[in-house]
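Contents: one structure, followed by commentary.
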Amino acid sequence: LSERNNLAGVRHILLVLSGKGGVGKSTISTQLALALRHSGKKVGILDVDLCGPSIPRMLRAQDSDVHQCDSGWVPVFVDQEKSISLMSIGFLLEKPDDAVVWRGPKKNALIKQFVADVAWGDLDFLIVDTPPGTSDEHISTIEALRPYKSLGAVLVTTPQ
């Protein structure tokens, strides 16, 4: 049984990180996705900010549902042209404002599942919106993504 590779069609993976919260990671992730789409690229956003999944709301996709297919979860398409796809824990919560109170192992398992089990298809860019800080989630995300394509990062800071 060979392990399926749902990231095989992804050309570039870009992580959006910062050392603290409230600096605009999700806004940068969203704007990057929109700018890349505007220049003709196919883009996916993986929202691994498990405690504050704001990307679905920013892209007006918060009422969407995630479906299963043979190769895993089908990401939510946020536009008619299907040029931006999105996966977020926000789609898996009963109510979008529900708190996610999970410890490390469960969070790490979900991140690994997001990396392995989302059927992204062919993408020019996968933008990964990370939670604030330098937590286990970051280590899990990097470890899960390490075997795949070129990894890049955007570090969001504030001037103070």
Leu17 and Val154: side-chain contact (heavy atoms from CB on, under 4.5 Å), yes or no, with the steps?
CA-CA 6 Å; Leu17 309 147; Val154 174; over 6 Å; no
Working note: Leu46 + Val115, criterion side-chain contact (heavy atoms from CB on, under 4.5 Å); need CA distance, chi angles, decisive distance, verdict.
CA-CA 8 Å; Leu46 176 55; Val115 169; 4.3 Å; yes
Would you sort out whether Leu7 and Leu145 count as a side-chain contact (heavy atoms from CB on, under 4.5 Å), showing the intermediate values?
CA-CA 9 Å; Leu7 292 174; Leu145 291 170; 3.8 Å; yes
List the steps and the verdict of side-chain contact (heavy atoms from CB on, under 4.5 Å) for Val16 and Val156.
CA-CA 7 Å; Val16 179; Val156 183; 3.7 Å; yes
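The distance from the OG1 atom of Thr30 to the CZ atom of Arg57 is 11.0 Å, given to the nearest 0.5 Å. Note that OG of Ser88 is 6.5 Å distant from CZ of Phe114, once rounded to the nearest 0.5 Å. From Trp120, atom CH2 reaches atom CG of Leu86 across 6.5 Å, with rounding to the nearest 0.5 Å. Asp122 CG to Arg11 CZ: the interatomic distance, rounded to the nearest 0.5 Å, is 10.0 Å. One distance of note links OG1 of Thr141 with NZ of Lys112; it measures 9.5 Å at 0.5 Å rounding. A distance of 8.0 Å separates OG of Ser85 from CG of Leu126, quoted to the nearest 0.5 Å.
In this structure, Ala153 and Leu14 approach most closely via the heavy-atom pair N-CD1, 3.8 Å. Residues Pro75 and Val118 approach most closely at CD-CG1, 3.9 Å, considering heavy atoms. Smallest separation of non-hydrogen atoms from His138 and Thr130: NE2-OG1, 3.6 Å. Of all heavy-atom pairs between Ser29 and Ile45, the closest is O-CD1, 4.3 Å. Heavy-atom minimum distance, Lys25 versus Ser18: NZ-OG, 3.2 Å. Summarising the geometry of Ser140 relative to Asn108, their closest heavy-atom pair is OG-OD1, 2.7 Å, with the distance given to 0.1 Å.
Atom NZ of Lys20 is surrounded by more than 12 heavy atoms from other residues, nucleotides or ligands within 6.0 Å.
Side-chain N or O atoms of Asn6 include one that pairs as donor or acceptor with a backbone N or O of Ala116 at under 3.5 Å. Between the Asp79 side chain and the Ser83 main chain, a donor and an acceptor come within less than 3.5 Å of each other. No donor-acceptor pair closer than 3.5 Å links the side chain of Asp47 to the backbone N or O of Met87.
Residue Val74 is not grouped with residue Val10 when hydrophobic side chains (ILVMFWY) are merged at heavy-atom distances under 4.5 angstrom, including chains of intermediate members. Under the 4.5 Å side-chain heavy-atom criterion for ILVMFWY residues, a single connected hydrophobic cluster contains both Val128 and Leu155. In the hydrophobic cluster analysis, where Ile, Leu, Val, Met, Phe, Trp and Tyr join through side-chain heavy atoms closer than 4.5 angstrom, Val66 is grouped apart from Met58.
A 4.5 Å side-chain heavy-atom check between Val23 and Thr157 finds every atom pair outside the cut-off. Two residues are said to be in side-chain contact when any heavy atoms from C-beta on lie closer than 4.5 Å; Leu34 and His38 fail this criterion. A 4.5 Å side-chain heavy-atom check between Asp129 and Val48 finds every atom pair outside the cut-off. Within the 4.5 Å cutoff, no side-chain heavy atoms of Ile127 are placed close to those of Leu15.
In summary, the aromatic rings of Trp73 and Phe91 are positioned with their centroids too far apart to meet the 6.0 Å limit.
Phe125 does not carry Lys41 over the face of its six-membered ring by the limits of under 6.0 Å from the centre and within 45° of the normal.
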